[in-house]
Q: 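I'd like to ask some things about the structure below.
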Amino acid sequence: MGTLTTTDGTEIFYKDWGTGRPVVFSHGWPLNADAWDDQMHLVAAHGYRAVAHDRRGHGRSGQPWQGNDMDTYADDLAQLMEALDLRDAALVGHSTGGGEVTRYIGRHGTGRVAKAVLLGAVPPLMLKTEANPEGLPREVFDGIRAGVAGDRSQFYKDLSETFYGANRSGAAVSQGIRDAFWMWSMQVGLKGAFDCVKEFSETDFTEDLKRFDVPTLIIHGDDDQIVPLVAAGQKSAKLVPDATLKIYPGAPHGLSAIGSYKDDFHADLLAFLKS
């Protein structure tokens with residue numbers, strides 16, 4: 001574990017496990033690097049170097065008033081990649097972290113990147129517009145902002161239900177997983193959490209996706225109640241040249257933490273890294 005101080009003075013916390021070709025994980029909102037522990041352990045145990053950071057405003061990283069925007073998130077990732085001299089890396093992003101990875105490639109290219117994985121990721125655009133009728137209406141995101149600004153502790157407890165599909169019949173998610181989600185969520189600063197809602201919902205990643213020129217695996221659950229498949233994974237797969245789209249039947253947004261969905265993701269991730 002270590003910290004990096006960015007050019008604007010923000011301290012970024014990161015984990016760095018194992019040795020070998022790097023696999024760099026970017027977490028979803030409102031979590032932190034701990035949400036990737038299962039996958040970091042998996043790849044490090046298979047001969048890779050696993051790196052994951054807490055996005056600014058989240059977890060153990062600094063909580064600046066400014067800079068809680070997608071461009072700065074991507075620039076923070078670029079500074080981490082350069083500071084650790086990570087090369088030939090696989091970038092893995094979940095949800096908002098998928099947006100961070102996408103904007104990183106859009107702004108910084110793939111000179112240090114060999115592969116990319118987008119898991120339940122927010123690109124190309126979550127917000128419903130005339131040009132993006134499959135997106136979610138602004139009222140949904142206004143509701144998230146209200147929840148964060150109001151009783152955020154209860155809001156995060158409630159959000160874990162749809163995040164992991166606990167409201168579905170036969171759901172395999174444990175109370176422990178939901179409790180961990182709440183604990184990680186309560187570590188994000190209010191300002192960073194609030195600002196990030198606009199970034200993950202209103203950022204248009206279309207042009208960034210078109211700049212991908214490395215093998216890309218896009219994985220999405222068809223029962224994702226947070227980031228709808230039709231507005232995200234399916235559209236991204238059409239924009240990224242030669243992307244591979246894998247749809248997990250019945251899988252929720254937080255599929256990487258749950259039973260057979262986690263097993264399937266681990267198998268697909270390792271196979272993709274080895275390919």
Q: Rounded to the nearest 0.5 Å, what separation is found between the CG atom of Asp179 and the OG atom of Ser174?
A: 8.0 Å
Q: Hey, is Asp195 close enough to Lys191 for a salt bridge, meaning N to O under 4.0 Å?
A: yes
Q: Give me the atom names and distance for the closest heavy-atom approach of Val148 to Ala193.
A: CG1-CB, 4.0 Å
Q: Could you tell me if Gln234 and His220 have a donor-acceptor pair between their side chains, going purely by distance under 3.5 Å?
A: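 His220 vs Gln234: no donor-acceptor pair found between side chains.
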Q: With a 3.5 Å distance limit and no angle check, can you tell me whether Ser236 reaches the backbone of Pro123 through a side-chain donor-acceptor pair?
A: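 Checked: pair present.
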Q: Do Leu86 and Val51 touch side chain to side chain, with heavy atoms closer than 4.5 Å?
A: yes
Q: Would you mind reporting whether Glu202 and Met126 have side-chain heavy atoms less than 4.5 Å apart?
A: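 No; the side chains remain at least 4.5 Å from each other.
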Q: We want to know whether His94 and Ser26 form a side-chain donor-acceptor pair, criterion being a heavy-atom distance below 3.5 angstrom.
A: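 Checked: His94/Ser26 side chains show no N/O donor-acceptor pair below 3.5 Å.
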Q: Taking the six-membered ring for Trp, are Trp182 and Tyr156 ring centroids under 6.0 Å apart?
A: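 Trp182 vs Tyr156: aromatic centres not under 6.0 Å.
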Q: I'd like to know if the side chain of Lys246 and the backbone of Asp268 have a donor-acceptor N/O pair within less than 3.5 Å.
A: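 It does not hold such a pair.
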Q: Any ion pair linking Arg56 and Asp8 (charged N to carboxylate O, less than 4.0 Å)?
A: yes
Q: When you look at Gln39 and His266, which way does the side-chain contact (heavy atoms from CB on, under 4.5 Å) test go after all the steps?
A: CA-CA 7 Å; Gln39 290 73 38; His266 284 188; 2.9 Å; yes
Q: So which atom in Leu255 and which in Gly221 form the shortest heavy-atom distance, rounded to 0.1 Å?
A: CD2-N, 3.9 Å
Q: Among side-chain atoms of Asp75 and His108, is any donor-acceptor pair under 3.5 angstrom?
A: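 The answer is yes; a qualifying pair exists.
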Q: How far apart are the closest heavy atoms of Ala121 and Gly93, and which atoms are they?
A: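 Smallest heavy-atom distance, with atoms named: CB-O, 4.4 Å.
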Q: Do we see a donor-acceptor contact under 3.5 Å between the side chains of Asn32 and Gln187?
A: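 Gln187 and Asn32 do have a side-chain donor-acceptor pair below 3.5 Å.
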Q: Do Gln225 and His253 have side-chain heavy atoms sitting under 4.5 Å apart?
A: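 Sidechains of His253 and Gln225: no contact.
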Q: Check the pair Met81, Val24 against side-chain contact (heavy atoms from CB on, under 4.5 Å), reporting the backbone distance first and the verdict last.
A: CA-CA 9 Å; Met81 298 273 286; Val24 183; 3.9 Å; yes
Q: Do Val117 and Leu269 come close enough that some side-chain heavy atom pair is under 4.5 Å?
A: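 Answer yes - side chains close enough.
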Q: Would Lys15 and Asp37 pass as an ion pair if we require N to O under 4.0 Å?
A: yes
Q: Do Asp54 and Tyr14 come within less than 4.5 Å of each other through their side chains, counting heavy atoms only?
A: no
Q: Can you tell me how far apart CH2 (Trp29) and CZ (Phe163) are? Round to the nearest 0.5 Å.
A: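 Rounded to the nearest 0.5 Å, the CH2-CZ separation comes out at 9.5 Å.
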Q: Regarding Arg112 and Asp85, does a basic nitrogen lie under 4.0 Å from an acidic carboxylate oxygen?
A: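 Judged by the 4.0 Å cut-off on N to carboxylate O distance, Arg112 and Asp85 do form a salt bridge.
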Q: If hydrophobic clusters are built by linking Ile, Leu, Val, Met, Phe, Trp and Tyr wherever their side-chain heavy atoms come under 4.5 Å apart, do Leu4 and Phe13 end up in the same one?
A: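 No; Phe13 is not reachable from Leu4 via cluster members.
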Q: On a heavy-atom basis, which atom in Phe181 and which in Ser160 lie closest, and how many Å separate them?
A: CD2-CB, 3.6 Å
Q: Which distance, rounded to the nearest 0.5 Å, do you find between the CG of Asn132 and the CG of Leu127?
A: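 The CG atom of Leu127 is 7.5 Å from CG of Asn132, to the nearest 0.5 Å.
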Q: Is Glu11 paired with Arg60 through a side-chain N to carboxylate O contact shorter than 4.0 Å?
A: no
Q: Do you reckon Met186 sits in the same ILVMFWY cluster as Val197, going by side-chain contacts under 4.5 Å, direct or chained?
A: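 Both belong to a single hydrophobic cluster.
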Q: Please confirm whether Arg21 makes a cation-pi placement over Tyr48, using NZ or CZ under 6.0 Å from the six-membered ring centre and within 45° of the ring normal.
A: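 Verdict for Tyr48: no cation-pi partner in Arg21.
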Q: Are Ile226 and Val230 co-members of a hydrophobic cluster defined by side-chain heavy atoms under 4.5 Å apart?
A: no
Q: With the side chain counted from C-beta on, respond yes when Arg55 and Leu77 share a heavy-atom pair under 4.5 Å apart, and no when they do not.
A: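 No, side chains not in contact.
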Q: Just checking, is any N or O donor in the side chain of Thr110 or Asp213 under 3.5 Å from an acceptor N or O on the other one?
A: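 On atom types as modelled, these side chains qualify, holding a pair under 3.5 Å.
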Q: Using side-chain contact (heavy atoms from CB on, under 4.5 Å) as the criterion, point out the one residue from Thr10, Thr5, Thr7, Ile12 that pairs with Gln79.
A: Thr7
Q: Taking the basic N atoms (NZ, or NE/NH1/NH2) and the acidic carboxylate oxygens, is any pair closer than 4.0 Å for Arg103 and Asp71?
A: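 A salt bridge links Arg103 with Asp71.
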Q: Begin with the C-alpha distance, continue with both residues' side-chain angles, and end with the deciding distance and a verdict on side-chain contact (heavy atoms from CB on, under 4.5 Å) for Leu239 and Phe205.
A: CA-CA 10 Å; Leu239 291 166; Phe205 298 95; over 6 Å; no
Q: Assess whether side chain to side chain donor-acceptor pair (under 3.5 Å) is satisfied between Ser260 and Asp263, documenting all intermediate values.
A: CA-CA 5 Å; Ser260 62; Asp263 293 341; over 6 Å; no
Q: If you measure from CG on Leu136 to CD1 on Ile144, what distance do you get to the nearest 0.5 Å?
A: 8.0 Å
Q: Once rounded to the nearest 0.5 Å, what's the spacing between atom OH of Tyr248 and atom OG of Ser256?
A: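 If we round to the nearest 0.5 Å, Tyr248:OH and Ser256:OG are 10.0 Å apart.
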Q: Looking only at heavy atoms, which two atoms of Ala171 and Ala166 are closest? And how far apart?
A: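 Scanning both residues completely, I find the closest heavy atoms to be CB-CA, 3.8 Å.
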Q: Report the relative orientation of the aromatic rings in His27 and His53; use parallel for angles under 30°, tilted for 30 to 60°, perpendicular for over 60°.
A: tilted
Q: Counting C-beta onward and ignoring hydrogens, is there a side-chain heavy-atom pair between Leu42 and Trp36 closer than 4.5 Å?
A: no
Q: With side-chain contact (heavy atoms from CB on, under 4.5 Å) as the criterion, how do Thr203 and Leu125 come out once you've worked through the C-alpha distance, each side chain's angles and the decisive distance to 0.1 Å?
A: CA-CA 6 Å; Thr203 302; Leu125 175 62; 5.9 Å; no
Q: Does a side-chain heavy-atom distance below 4.5 Å link Leu118 with Thr102?
A: yes
Q: Within 45 degrees of the ring normal and closer than 6.0 Å to the centroid, is that where the cationic atom of Lys115 sits relative to Phe272?
A: yes
Q: Atom CZ in Phe212, atom CG in Asp242: separation rounded to 0.5 Å?
A: 13.0 Å
Q: Please name the pair of heavy atoms, one in Met40 and one in Ala52, separated by the smallest distance, quoted to 0.1 Å.
A: SD-CB, 3.5 Å
Q: Can you establish whether the number of heavy atoms outside Phe141 located under 6.0 Å from its atom CZ is more than 12?
A: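 Count over threshold, so yes.
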